[in-house]
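Throughout, numbering of the chain's residues begins at 1 and tracks the sequence.
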Amino acid sequence: PYPLSTASSTPAAITWGYVTDRFESRKTIIVMSAVAVSANLILLPLARSISGAALLYALFSLVSSASATPANLLIMETQRKSRWASAFAKFSMVSSVGAALGLVLGVAWSDFFPVSQLAFPLSALSLVSAVLSVVMIKEPAMPFERELILHQKRSLQQRLLAIPLIFLRIPDVVDFMSVFRGLRSTLTSQLPLLYLSIFVFYIASGLFNTSFVPSLRAAGLTASEVFLVSLLATVAQTASFYFAGPYVEMRDLRKTAVAGLLIRCTCYAGIGILAGLTRGLSYLGGTLLLYPLAGGLAFAIY
(Lines give C-alpha, C1' and ligand atoms only; values in the text may rest on other atoms or scores of the structure.)
Protein backbone atom coordinates (compact mmCIF):
# COMPACT_ATOMS: atom_id res chain seq x y z
CA PRO A 1 0.00 0.00 0.00
CA TYR A 2 2.74 2.49 0.91
CA PRO A 3 4.56 2.50 -2.49
CA LEU A 4 1.27 2.81 -4.40
CA SER A 5 0.17 5.66 -2.12
CA THR A 6 3.47 7.47 -2.66
CA ALA A 7 3.21 6.96 -6.43
CA SER A 8 -0.30 8.44 -6.46
CA SER A 9 0.96 11.65 -4.82
CA THR A 10 2.67 12.63 -8.11
CA PRO A 11 -0.48 12.85 -10.28
CA ALA A 12 -2.33 14.22 -7.24
CA ALA A 13 0.04 17.19 -6.97
CA ILE A 14 -0.49 18.00 -10.65
CA THR A 15 -4.23 17.35 -10.69
CA TRP A 16 -5.17 19.40 -7.64
CA GLY A 17 -3.00 22.30 -8.78
CA TYR A 18 -4.99 22.51 -12.03
CA VAL A 19 -8.30 22.04 -10.20
CA THR A 20 -7.44 24.89 -7.83
CA ASP A 21 -6.58 27.15 -10.77
CA ARG A 22 -9.71 26.23 -12.70
CA PHE A 23 -12.24 26.44 -9.83
CA GLU A 24 -11.58 29.47 -7.65
CA SER A 25 -13.67 28.19 -4.73
CA ARG A 26 -11.01 27.25 -2.15
CA LYS A 27 -13.70 26.39 0.38
CA THR A 28 -15.40 23.84 -1.88
CA ILE A 29 -12.16 21.94 -2.57
CA ILE A 30 -11.22 21.81 1.11
CA VAL A 31 -14.68 20.64 2.17
CA MET A 32 -14.84 18.00 -0.56
CA SER A 33 -11.37 16.76 0.42
CA ALA A 34 -12.42 16.33 4.07
CA VAL A 35 -15.64 14.49 3.09
CA ALA A 36 -13.74 12.23 0.67
CA VAL A 37 -11.16 11.42 3.36
CA SER A 38 -13.98 10.53 5.76
CA ALA A 39 -15.59 8.18 3.23
CA ASN A 40 -12.24 6.61 2.37
CA LEU A 41 -11.48 5.90 6.04
CA ILE A 42 -14.82 4.11 6.42
CA LEU A 43 -14.06 1.90 3.42
CA LEU A 44 -10.47 1.10 4.36
CA PRO A 45 -11.24 -1.43 7.16
CA LEU A 46 -13.66 -3.20 4.80
CA ALA A 47 -10.87 -4.18 2.40
CA ARG A 48 -10.49 -7.96 2.33
CA SER A 49 -7.27 -8.20 0.32
CA ILE A 50 -3.85 -6.54 0.14
CA SER A 51 -4.60 -5.21 -3.35
CA GLY A 52 -7.89 -3.71 -2.15
CA ALA A 53 -6.22 -2.05 0.83
CA ALA A 54 -3.45 -0.73 -1.43
CA LEU A 55 -5.93 0.85 -3.84
CA LEU A 56 -7.93 2.46 -1.04
CA TYR A 57 -4.75 3.78 0.59
CA ALA A 58 -3.64 5.23 -2.75
CA LEU A 59 -7.07 6.86 -3.06
CA PHE A 60 -6.60 8.27 0.45
CA SER A 61 -3.33 9.88 -0.63
CA LEU A 62 -5.08 11.33 -3.68
CA VAL A 63 -8.05 12.92 -1.88
CA SER A 64 -6.21 14.01 1.28
CA SER A 65 -3.71 16.05 -0.75
CA ALA A 66 -6.47 18.12 -2.38
CA SER A 67 -6.64 20.66 0.45
CA ALA A 68 -2.92 21.52 0.55
CA THR A 69 -2.80 24.08 -2.30
CA PRO A 70 -6.09 25.91 -1.57
CA ALA A 71 -5.25 26.07 2.16
CA ASN A 72 -1.93 27.77 1.43
CA LEU A 73 -3.56 30.17 -1.03
CA LEU A 74 -6.32 31.02 1.48
CA ILE A 75 -3.76 32.19 4.01
CA MET A 76 -2.09 34.44 1.44
CA GLU A 77 -5.45 35.76 0.24
CA THR A 78 -6.96 36.50 3.66
CA GLN A 79 -3.94 37.84 5.57
CA ARG A 80 -1.94 41.01 5.04
CA LYS A 81 1.44 40.33 3.47
CA SER A 82 3.19 41.59 6.60
CA ARG A 83 1.48 38.78 8.55
CA TRP A 84 2.17 35.94 6.12
CA ALA A 85 5.20 34.58 7.99
CA SER A 86 3.40 34.43 11.34
CA ALA A 87 0.23 33.04 9.71
CA PHE A 88 2.13 30.20 8.02
CA ALA A 89 4.09 29.51 11.18
CA LYS A 90 0.82 29.20 13.11
CA PHE A 91 -0.64 26.99 10.36
CA SER A 92 2.45 24.74 10.51
CA MET A 93 2.19 24.53 14.28
CA VAL A 94 -1.52 23.64 14.27
CA SER A 95 -1.00 21.04 11.52
CA SER A 96 1.88 19.44 13.38
CA VAL A 97 0.00 19.40 16.67
CA GLY A 98 -2.97 17.80 14.90
CA ALA A 99 -0.75 15.09 13.43
CA ALA A 100 0.81 14.41 16.82
CA LEU A 101 -2.60 14.22 18.54
CA GLY A 102 -3.75 11.76 15.88
CA LEU A 103 -0.82 9.51 16.76
CA VAL A 104 -1.57 9.94 20.49
CA LEU A 105 -5.11 8.74 19.74
CA GLY A 106 -3.60 5.78 17.89
CA VAL A 107 -1.41 4.88 20.89
CA ALA A 108 -4.36 5.00 23.31
CA TRP A 109 -6.94 3.39 20.98
CA SER A 110 -4.82 0.38 20.03
CA ASP A 111 -4.45 -0.59 23.69
CA PHE A 112 -8.19 -1.24 24.01
CA PHE A 113 -9.69 -1.68 20.52
CA PRO A 114 -8.70 -3.25 17.18
CA VAL A 115 -6.53 -0.95 15.09
CA SER A 116 -8.87 -1.38 12.11
CA GLN A 117 -11.66 0.33 14.07
CA LEU A 118 -9.51 3.43 14.54
CA ALA A 119 -10.74 4.47 11.09
CA PHE A 120 -14.19 5.26 12.50
CA PRO A 121 -13.26 8.04 14.99
CA LEU A 122 -10.82 9.42 12.41
CA SER A 123 -13.60 9.44 9.82
CA ALA A 124 -15.84 11.32 12.26
CA LEU A 125 -13.08 13.88 12.88
CA SER A 126 -12.75 14.40 9.12
CA LEU A 127 -16.47 15.18 8.96
CA VAL A 128 -16.01 17.66 11.81
CA SER A 129 -13.26 19.27 9.74
CA ALA A 130 -15.64 19.50 6.77
CA VAL A 131 -18.35 21.14 8.90
CA LEU A 132 -15.90 23.63 10.41
CA SER A 133 -14.66 24.47 6.91
CA VAL A 134 -18.22 25.15 5.74
CA VAL A 135 -18.91 27.42 8.72
CA MET A 136 -15.61 29.24 9.12
CA ILE A 137 -13.93 29.57 5.70
CA LYS A 138 -14.75 32.72 3.76
CA GLU A 139 -13.83 33.01 0.10
CA PRO A 140 -11.34 35.82 -0.64
CA ALA A 141 -12.40 38.82 -2.68
CA MET A 142 -9.24 38.62 -4.84
CA PRO A 143 -8.01 35.04 -5.42
CA PHE A 144 -4.32 34.44 -6.19
CA GLU A 145 -2.83 32.15 -8.81
CA ARG A 146 -1.33 28.88 -7.60
CA GLU A 147 2.19 29.85 -8.74
CA LEU A 148 2.32 32.63 -6.14
CA ILE A 149 2.96 29.95 -3.51
CA LEU A 150 6.51 29.80 -4.85
CA HIS A 151 7.18 33.45 -4.04
CA GLN A 152 6.60 33.08 -0.30
CA LYS A 153 9.04 30.98 1.69
CA ARG A 154 6.65 29.94 4.46
CA SER A 155 3.94 29.00 1.96
CA LEU A 156 6.28 26.84 -0.10
CA GLN A 157 7.67 25.17 3.02
CA GLN A 158 4.19 24.30 4.30
CA ARG A 159 3.13 23.05 0.84
CA LEU A 160 6.14 20.74 0.67
CA LEU A 161 5.51 19.46 4.20
CA ALA A 162 1.96 18.52 3.17
CA ILE A 163 3.07 16.89 -0.14
CA PRO A 164 6.85 16.67 -0.68
CA LEU A 165 6.77 17.61 -4.38
CA ILE A 166 5.50 20.42 -6.55
CA PHE A 167 5.38 20.88 -10.35
CA LEU A 168 5.50 24.20 -12.21
CA ARG A 169 4.64 22.20 -15.33
CA ILE A 170 4.36 18.52 -16.22
CA PRO A 171 7.91 17.15 -16.77
CA ASP A 172 8.58 15.34 -20.04
CA VAL A 173 11.24 12.92 -21.34
CA VAL A 174 13.51 15.79 -22.45
CA ASP A 175 13.69 17.08 -18.86
CA PHE A 176 14.90 13.70 -17.60
CA MET A 177 17.37 13.19 -20.47
CA SER A 178 18.93 16.61 -19.89
CA VAL A 179 19.94 15.47 -16.41
CA PHE A 180 22.00 12.60 -17.82
CA ARG A 181 23.51 14.67 -20.64
CA GLY A 182 24.91 17.07 -18.09
CA LEU A 183 26.93 14.27 -16.45
CA ARG A 184 29.25 14.09 -19.47
CA SER A 185 31.00 17.35 -18.71
CA THR A 186 32.90 18.29 -15.56
CA LEU A 187 31.58 21.83 -15.86
CA THR A 188 27.91 20.78 -15.92
CA SER A 189 27.96 17.60 -13.83
CA GLN A 190 27.35 19.11 -10.38
CA LEU A 191 23.62 19.81 -10.77
CA PRO A 192 22.82 16.41 -12.38
CA LEU A 193 24.79 14.70 -9.60
CA LEU A 194 22.70 16.61 -7.05
CA TYR A 195 19.50 15.48 -8.75
CA LEU A 196 20.69 11.87 -8.82
CA SER A 197 21.68 12.13 -5.17
CA ILE A 198 18.20 13.34 -4.24
CA PHE A 199 16.66 10.60 -6.42
CA VAL A 200 18.68 7.88 -4.65
CA PHE A 201 17.90 9.50 -1.28
CA TYR A 202 14.16 9.09 -1.79
CA ILE A 203 14.55 5.56 -3.17
CA ALA A 204 16.35 4.65 0.06
CA SER A 205 13.74 6.47 2.13
CA GLY A 206 10.91 4.64 0.37
CA LEU A 207 12.56 1.24 0.81
CA PHE A 208 13.20 1.84 4.48
CA ASN A 209 9.80 3.27 5.36
CA THR A 210 8.00 0.49 3.46
CA SER A 211 9.68 -2.19 5.56
CA PHE A 212 10.03 -0.34 8.88
CA VAL A 213 6.52 -0.74 10.32
CA PRO A 214 6.34 -4.44 9.34
CA SER A 215 9.71 -4.93 11.08
CA LEU A 216 8.27 -3.46 14.27
CA ARG A 217 5.35 -5.87 14.17
CA ALA A 218 7.64 -8.80 13.28
CA ALA A 219 9.74 -7.97 16.37
CA GLY A 220 6.68 -8.57 18.53
CA LEU A 221 5.76 -4.95 19.26
CA THR A 222 2.14 -4.04 19.87
CA ALA A 223 0.19 -1.65 17.65
CA SER A 224 0.34 0.92 20.45
CA GLU A 225 4.13 0.73 20.54
CA VAL A 226 4.29 1.13 16.75
CA PHE A 227 2.18 4.29 17.00
CA LEU A 228 4.49 5.52 19.76
CA VAL A 229 7.56 5.24 17.52
CA SER A 230 5.80 7.23 14.77
CA LEU A 231 4.59 9.79 17.32
CA LEU A 232 8.09 10.51 18.63
CA ALA A 233 9.44 10.79 15.07
CA THR A 234 6.67 13.27 14.18
CA VAL A 235 7.34 15.38 17.29
CA ALA A 236 11.10 15.30 16.62
CA GLN A 237 10.62 16.33 12.98
CA THR A 238 8.24 19.16 13.90
CA ALA A 239 10.66 20.55 16.50
CA SER A 240 13.65 20.06 14.21
CA PHE A 241 12.13 22.04 11.34
CA TYR A 242 11.82 25.09 13.57
CA PHE A 243 15.44 24.90 14.72
CA ALA A 244 17.08 23.59 11.54
CA GLY A 245 16.78 26.87 9.61
CA PRO A 246 18.94 29.06 11.89
CA TYR A 247 21.36 26.14 12.37
CA VAL A 248 21.89 25.65 8.64
CA GLU A 249 22.13 29.36 7.83
CA MET A 250 25.25 29.69 10.00
CA ARG A 251 27.11 26.78 8.33
CA ASP A 252 28.37 25.56 4.99
CA LEU A 253 25.39 24.09 3.13
CA ARG A 254 27.26 21.16 1.57
CA LYS A 255 28.91 20.09 4.81
CA THR A 256 25.63 20.43 6.68
CA ALA A 257 23.76 18.30 4.12
CA VAL A 258 26.48 15.63 4.31
CA ALA A 259 26.28 15.71 8.12
CA GLY A 260 22.51 15.18 7.94
CA LEU A 261 23.00 12.26 5.55
CA LEU A 262 25.64 10.67 7.79
CA ILE A 263 23.32 10.90 10.82
CA ARG A 264 20.47 9.38 8.81
CA CYS A 265 22.70 6.63 7.38
CA THR A 266 24.09 5.73 10.80
CA CYS A 267 20.63 5.60 12.38
CA TYR A 268 19.17 3.51 9.56
CA ALA A 269 22.09 1.10 9.75
CA GLY A 270 21.65 0.89 13.51
CA ILE A 271 17.94 0.09 13.13
CA GLY A 272 18.82 -2.58 10.57
CA ILE A 273 21.29 -4.19 12.97
CA LEU A 274 18.74 -4.04 15.79
CA ALA A 275 16.09 -5.64 13.56
CA GLY A 276 18.40 -8.59 12.94
CA LEU A 277 19.62 -9.07 16.51
CA THR A 278 16.86 -7.96 18.89
CA ARG A 279 13.16 -8.29 19.54
CA GLY A 280 10.51 -6.82 21.83
CA LEU A 281 11.51 -4.07 24.23
CA SER A 282 15.16 -4.05 23.12
CA TYR A 283 14.14 -3.27 19.54
CA LEU A 284 11.55 -0.75 20.76
CA GLY A 285 14.12 1.11 22.87
CA GLY A 286 16.60 1.31 20.01
CA THR A 287 14.05 2.54 17.48
CA LEU A 288 12.68 5.14 19.91
CA LEU A 289 16.17 6.63 19.96
CA LEU A 290 17.34 6.15 16.36
CA TYR A 291 14.17 6.67 14.29
CA PRO A 292 13.37 10.18 15.62
CA LEU A 293 17.00 11.14 14.94
CA ALA A 294 16.87 9.82 11.37
CA GLY A 295 13.35 10.90 10.41
CA GLY A 296 13.33 14.05 12.54
CA LEU A 297 16.63 15.84 13.11
CA ALA A 298 18.64 14.39 10.19
CA PHE A 299 15.85 14.87 7.62
CA ALA A 300 15.17 18.44 8.72
CA ILE A 301 18.86 19.32 8.44
CA TYR A 302 19.15 17.66 5.03
Linked, directly or transitively: L194 and L261 (ILVMFWY side chains, under 4.5 Å)
yes
Enter the distance from L122:CG to I42:CD1 here, rounded to the nearest 0.5 Å.
9.5 Å
Kindly indicate whether the side chain of L288, heavy atoms from C-beta on, has any atom under 4.5 Å from the side chain of L284.
yes
Students often mix this up, so state it plainly: with edges at 30° and 60°, are the rings of F208 and F212 parallel, tilted or perpendicular?
parallel
side-chain contact (heavy atoms from CB on, under 4.5 Å) involving L297 - partner list, sequence neighbours excluded
S240, L293, I301
Within the structure provided, determine whether F227 and V115 are in side-chain contact (heavy-atom separation under 4.5 Å).
yes
Take F113 and L118 through the test side-chain contact (heavy atoms from CB on, under 4.5 Å) and record every step on the way to the result.
CA-CA 8 Å; F113 306 102; L118 179 59; over 6 Å; no
Do T234 side-chain atoms and S230 backbone N/O form a donor-acceptor pair below 3.5 Å?
yes
Smallest separation among heavy atoms of S61 and S65, with atom names:
O-OG, 3.2 Å
I'd like to know whether V235 forms a side-chain contact (heavy atoms from CB on, under 4.5 Å) with L231, so could you lay out the CA-CA distance, the side-chain angles of the two residues, the decisive distance to 0.1 Å, and finally the verdict.
CA-CA 6 Å; V235 172; L231 170 62; 4.1 Å; yes
Output for pair (Q117 CD, S110 OG), nearest 0.5 Å, gives 12.0 Å
Hey, can you pull the donor-acceptor pairs under 3.5 Å for the side chains in residues 31-39, sequence neighbours left out?
unit_1 : atom_1 : unit_2 : atom_2 : d
S33    : OG     : V63    : O      : 2.7
S38    : OG     : S123   : O      : 3.0
S38    : OG     : S123   : OG     : 2.7

Determine the minimum heavy-atom distance between L74 and K138, stating which atoms define it.
CD2-O, 4.1 Å
Taking C-beta and beyond as the side chain, do I271 and Y291 meet within less than 4.5 Å on heavy atoms?
yes
Side chain S129, main chain L125, donor-acceptor under 3.5 Å
no
Does a side-chain heavy-atom distance below 4.5 Å link L101 with L105?
no
Does L281 share a hydrophobic cluster with L274, counting links as ILVMFWY side-chain heavy atoms below 4.5 Å and allowing steps through other members?
yes
Closest approach of L41 to F60 (non-hydrogen atoms, all atoms of both residues):
CD2-CE1, 4.1 Å
Kindly work out whether a path of hydrophobic side-chain contacts (I/L/V/M/F/W/Y, heavy atoms less than 4.5 Å apart) joins L127 to L59.
no
If you compare all heavy atoms of L221 against all heavy atoms of E225, which two are closest, and at what distance to 0.1 Å?
CA-OE1, 3.3 Å
Does any donor atom in the side chain of S49 or S51 lie under 3.5 Å from an acceptor atom in the other side chain?
yes
Compare every heavy atom of A219 with every heavy atom of Y283, then report the nearest pair and how far apart it is.
CD2-CB, 3.2 Å
Surrounding CZ of F199 (heavy atoms of other residues, nucleotides or ligands, distance under 6.0 Å), is the total greater than 12?
no
Looking at W109 and P114, would you say the former's side chain and the latter's main chain have a donor-acceptor pair under 3.5 Å?
yes
Separation between CG of L55 and CG of L44, rounded to the nearest 0.5 Å
11.0 Å
dist T222:OG1 -> D111:CG (nearest 0.5 Å) comes out at 6.0 Å
If you measure from OH on Y302 to OG on S197, what distance do you get to the nearest 0.5 Å?
4.5 Å
L207 reachable from V229 in the ILVMFWY side-chain graph, under 4.5 Å edges
no
Return the minimal non-hydrogen interatomic distance between S205 and R264, and the atom names on each side.
OG-NH2, 3.2 Å
Applying the 4.5 Å side-chain criterion to the ILVMFWY set and letting contacts propagate, would F120 and V107 be lumped into a single cluster?
no
Please say whether more than 12 non-hydrogen atoms of neighbouring residues, nucleotides or ligands are located less than 6.0 Å from CG in L132.
yes
P70 and its side-chain contact (heavy atoms from CB on, under 4.5 Å) partner, picked from I30, T28, I137, I75:
I30
